[in-house]
Structures are given as C-alpha cells and as structure tokens.
Amino acid sequence: MTFDPTQDESAAADNGEALPARLRADLARLHPVPAVPSGVDAAVRAAGRAYLARQRRVRLWTRAGAAIAATIVTCVGLRLALPPAGPGEAGPGVAGGSAPAGRPP
C-alpha cells in the first residue's frame, strides 16, 4: 500500500485501506511529497518511452531472425532427407522426367 496524502477518506474506505485522520496528517508531515518539475517528469517519461521502443525493435528483429533461421534449417533438413534425383528420374517439381518436351530421351 502506498501513501497518497491527496486521497480522500471515502476512496480509501472503498479500498479497505482507511487511515485515521490524525495518522494521515502525521504521515504527511513526516514524509512530504516533493514537487517534481514538469520538465523532469517529461524527460523521465521520454526516456521510458525510448527504452520500451528499443525493446520492441529488439524483439521484432529477434523474431525475424528466428523465422529466417527456422526456414534455413527446414530447407537444409529437407535437402539432406530427400534422395538426390538420378539422371533419368524426375526431380522434385518436374513432370515427366528430365528430358525436354518433344525430344526423345
């Protein structure tokens, strides 16, 4: 639970986190909330956005690299698993063997 001196009693009571008024005042006096200039706040937010954008780009390139690697592994695996086509046999994707159409084999 974090302390928020601006939180009113009704909102705290809704959450089940109500504090007595005197305790709230004492806590506010002992731990004042510092004012943050808007420029500092904007700089922190901009740095956070840049960091998250960099993470998204790294994730995207990692996924693309993994997809390319999987494609290469699949192609190499298929190439090694399939027997090579002989001189008179039809290769993969070639209809009717290796002789050109209209010529005797």
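Below, each value reflects all heavy atoms present in this structure, side chains not excepted, and no hydrogens, waters or symmetry copies. Counting begins at 1 with the first residue of the sequence. These numbers were taken from a predicted model, which means no experiment stands behind them.
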Tabulate below the donor-acceptor pairs under 3.5 Å that side-chain atoms of residues 67-81 make, not counting sequence neighbours, or state none.
from	atom 1	to	atom 2	distance (Å)
Thr71	OG1	Ala67	O	2.9
Thr74	OG1	Ala70	O	2.8

Tell me which pairs pass salt bridge (Lys or Arg N to Asp or Glu O under 4.0 Å) where either residue lies in residues 27-38, with sequence neighbours left out. Asp26-Arg29
Pairwise side-chain hydrogen bond (donor to acceptor under 3.5 Å, both in side chains) hits with a residue in residues 50-62, at least two apart: Tyr51-Gln55
All salt bridge (Lys or Arg N to Asp or Glu O under 4.0 Å) counterparts of Arg49, not counting sequence neighbours: none
Of all residues at least two apart in sequence or in a different chain, which pass the salt bridge (Lys or Arg N to Asp or Glu O under 4.0 Å) check with Arg45? Asp41
For the residue pair Leu27 and Leu19, establish whether any side-chain heavy-atom pair is separated by less than 4.5 Å. yes
